[in-house]
Each structure stands twice: as C-alpha cells, then as structure tokens.
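All values below were derived from every heavy atom in this structure, side-chain atoms included, with hydrogens, water molecules and symmetry-related copies excluded. First the proteins, then the strands, lettered A, B, ... as listed; each starts at 1.
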Amino acid sequence: MAEQHKAAPMALEICAMDRAPYRVETGEITLPGEQGEFMVLPGHAPLIATLDMGVMKTKVDGADRLFAINGGIVRVLDNQVLVLTRTAESGDDVDRERAESAKKRAEGRLQGPHEKINVARAEAALRRAMIRLKASGAAGA
Amino acid sequence: MPNLQGIRRRIASVKSTQKITKAMKMVAAAKLRRAQEALLNTRPYAYHMRELANGLVAHIDPTDHPLLHKGAGDKIALLVVSSDRGLCGGYNANIVNETLRLLQEQFPGKAVEITIVGRKGNDVLRRRRCTIRSAHIGIYDRYTINSATSVIDPLVDQFISGQVSEVFCLYNEFKSAISQKITLEQLLPYTPEDSGKLGSSFFVFEPSAEEIVSALLRDNLHAQMHRIFHEAMASEQGARMAAMDSATNNAADVIVRLTLKYNRVRQDAITREMVEIVSGAEAL
C-alpha cells in the first residue's frame, strides 16, 4: 500500500544531441551499459558509465517506456540520472516500416558478396535497425 | 537643376531595393527562428558534456592524458567561424577584425595557423595574408554533426601529434536576435573549470575513469563544436535580419527624401512655366 503511494523517486533526464532534454520521474531504469545491461533503482551509488547502442527501458506511471539510444554516457548522482547520448528515440516515435526496410536492406547486403560492401557499416546499420524495432516493441525483433 | 525623370527613376530603384531587403529580412526571420530552436536544443547537451568532463578530469591523474596538456612549441591553431553568405551587417567584418586584433595583441610574435570556416572570412583573411592552414567552405548547407567533427578532428590530431600546442576557437555567441557576442574559447588543451559536486563525490566508474575520460574529452569537443556552429548559424541569421531591417528603414527614409525633392522640383517647374506664360502674355 505504502509502496503504491510513494512518489517516483528518481529524476531521469535524457539529453540527446539535437533534441530538447526529456525529463521524467521514474522508479527504475534499465540501461545498455557497454559492459552489459544494468538497472538503476532509487538510492543507487554515484555512477558514471559508458553506454552501448541499445534499448533503454524505464517505467513511467506504471507503463514501460522504451528508448533506442545510440551510445553515450550515464551519470547517477543523488537520485538524479542523466543520460547523454547522440540520439535517443522514443519507442513510440520509431517509424516501424522504415526500420523494417533498413533491417532488410542491411541483411541483404550482408548476404551478398562481402568484397563489395563495408561489412562493419552494414552490420552497424543492421544493429541500429534491430534496436529501433525492439524499442518500438515489434515482435520477433 | 536635377531633372524630374532622373528623380523618378531613383525613387523606383530604391523602392525595388527596399522590396528585396524586406523579403530578405522575412526569410532571415524565418531561418532565425529555426536556427534558434536548434541552438536551444543543442545547448543542454553541450552544457552537460562539459560539466561531466570537468567532473571526470578531477578523478584522474591529469598527467596521463594528452588532451589535458599544453603541447611543446608555441604554434597556435585558431579556428575562426565566419559565414558563407554576406549581407549580414557587420557579422563577418567583426569576426575578421577581432581575428586581426588577436593576432596582434593576444598572440604577438607567435606562429598562428588559422583554420577558417565560411567563405566570407576566408576571402578577407587571405587578402590580409594571414597564414591559413585550411578552409571549410559550404558546411552550413546541409549541416550535420559530421560537419562539426570534420572540422575539429584534424585540429585534435595536430594537437596530439604536437604540431600545435594550443587550439582556440573564435565565434559569435548567440545572445538574442539582435545581439551576438564574439567569443574566444580555448578548446585544447582542455582546461577544466570547477567541477563542484561531480568532482568531489565518490563515483563508481564503468569502465575505469581513465577510459571514460579518453572517450569523453573527444565527445565533449564534438558537442562543443556542434554547439558553436549552431551559435554561429543563429547569430548569422540574427545579424542578417537586423541588417536587412535597418536597410529597409533606410530605404524608406531615402524614398521620403526623394519624394519631397521630386515634388519641390515639379512645383518649381510649374511655377516657372506659369511665370513664363504670364510674362509672355504681358509682353503682348
């Protein structure tokens, strides 16, 4: 009972390079750390960690909110969580069709002869597309 | 005695100039709004990046990192941010004059290599025989973050390889739609400011603080460069809007003066004709 009435105790700020910061109160955040996924709960020790390309998950008013983020860094201090990233895209904003076609294109390129393409770039594109699909909540991504 | 037709033509010409300046003012105002919005979106990221970099540097041994130390020698790299297009009042002239002043007063007797962004600054500085290491022209069309990194990365490489000992950037900071402030910022070596609570708190680092700093200092430079270009773009549009506004007003003044003159001349001509007719009649 007491648990339910408690205000969300962490201030999360997602600050992407070209977007106005997104601020929200939340009780839990799951982040794609460079050394593995980890979760931040209220009262977390001060932390500075680098982030990998991936999906960040947070709970706002009981509902999951997903963000596709493109690397970056996170700072946790006094229940203030700051995520600095080049791009952050809310799962709701992901254009699923575009991500789907980007995924197909990248897969197609990787299946073709490898001499002609930049493998690293195609792989990165594939990963980005998959992360965006996952953030949008698409099944099977 | 100025002839009537000449004045009429001048009025028409000033009017058409006024139309152009008015249109340019409106275009600049629309572009300014967009540029201003983009700038306000990039500022928080750049601010947090710097704050975080300041905090992190306090946690490592500064002797470890090449970007934190002044290099050997006294060659200086100066990045000057001007614009590609003119007709923006004193925007480019101010930044060029400030560059020349810096060369004489701030860095006297030192070898300064200029990296210039923007066609206007490039034209003038070359004419003034400044040492220009490289010029970036046309980066404002289709500007992306990659444009910013392509400008700053060569300078970072020069700094790391010891070709230059310091890197400065001179740009217009956007204050408001009608005012810009020319700002000189030291980019390298990175000099941390007071880190406050970030520097004194005990943090867990993942990976080590040293590894994070290495990545962060470069990311911070990119973020700052990105912000600086957005500052410059907003300032340019602001300066252009102000310049075109005053040009439009000036044109209005000139039209009023010319119209007055035109009427006076016309009146004189009429009076003279009347006098001629009357005296002609009297002579009969």
Enquirer: Under 6.0 Å from the OH atom of B/Tyr143, do we count more than 12 heavy atoms belonging to anything else shown?
Expert: yes
Enquirer: For the CD atom on A/Gln35, are there more than 12 heavy atoms of other groups (residues, nucleotides or ligands in this structure) within a distance under 6.0 Å?
Expert: yes
Enquirer: Please check if atom CD in B/Glu37 has more than 12 non-hydrogen atoms from other residues, nucleotides or ligands closer than 6.0 Å.
Expert: no
Enquirer: Are B/Asn41 and A/Arg19 side-chain neighbours, meaning at least one heavy-atom pair lies under 4.5 Å?
Expert: no
Enquirer: Check the surroundings of atom CG in A/Asp61: do more than 12 heavy atoms from other residues, nucleotides or ligands lie under 6.0 Å from it?
Expert: no
Enquirer: Is chain B contacted by the side chain of A/Ile73, its backbone, both, or neither, given a heavy-atom distance below 4.5 Å?
Expert: side chain
Enquirer: Which answer fits B/His59, side chain, backbone, both or neither, if we ask what part of it has an atom under 4.5 Å from a heavy atom of chain A?
Expert: neither
Enquirer: Which distance, rounded to the nearest 0.5 Å, do you find between the CE of A/Met17 and the NE2 of B/His222?
Expert: 8.5 Å
Enquirer: What residue in A/Ile48, A/Leu47, A/Leu77 has the most heavy-atom pairs under 4.5 Å with chain B?
Expert: A/Ile48
Enquirer: Is chain A contacted by the side chain of B/Phe205, its backbone, both, or neither, given a heavy-atom distance below 4.5 Å?
Expert: both
Enquirer: Is B/His226 close to chain A through its backbone or its side chain, or both, or neither, when contacts mean heavy atoms under 4.5 Å?
Expert: side chain
Enquirer: Is B/Glu206 close to A/Thr50 at the side-chain level, that is, under 4.5 Å between some pair of heavy atoms?
Expert: no
Enquirer: Nearest 0.5 Å, please: how far is OG1 in B/Thr42 from CG in A/Asp18?
Expert: 7.0 Å
Enquirer: Chain B heavy atoms under 4.5 Å from A/Val74: which part of the residue, side chain, backbone, both or neither?
Expert: neither
Enquirer: So which atom in A/Pro46 and which in B/Phe202 form the shortest heavy-atom distance, rounded to 0.1 Å?
Expert: CB-O, 3.2 Å
Enquirer: So for A/Leu84, is it side chain, backbone, both, or neither that comes closer than 4.5 Å to the heavy atoms of chain B?
Expert: both
Enquirer: What option among A/Ala45, A/Gly72, A/Cys15 has the most heavy-atom pairs under 4.5 Å with chain B?
Expert: A/Cys15
Enquirer: Taking every non-hydrogen pair under 4.5 Å, which of B/Ile145, B/Leu40, B/Leu216, B/Asp219 racks up the most with chain A?
Expert: B/Ile145
Enquirer: Distance from B/Tyr45 atom OH to A/Ile14 atom CD1, nearest 0.5 Å?
Expert: 13.5 Å
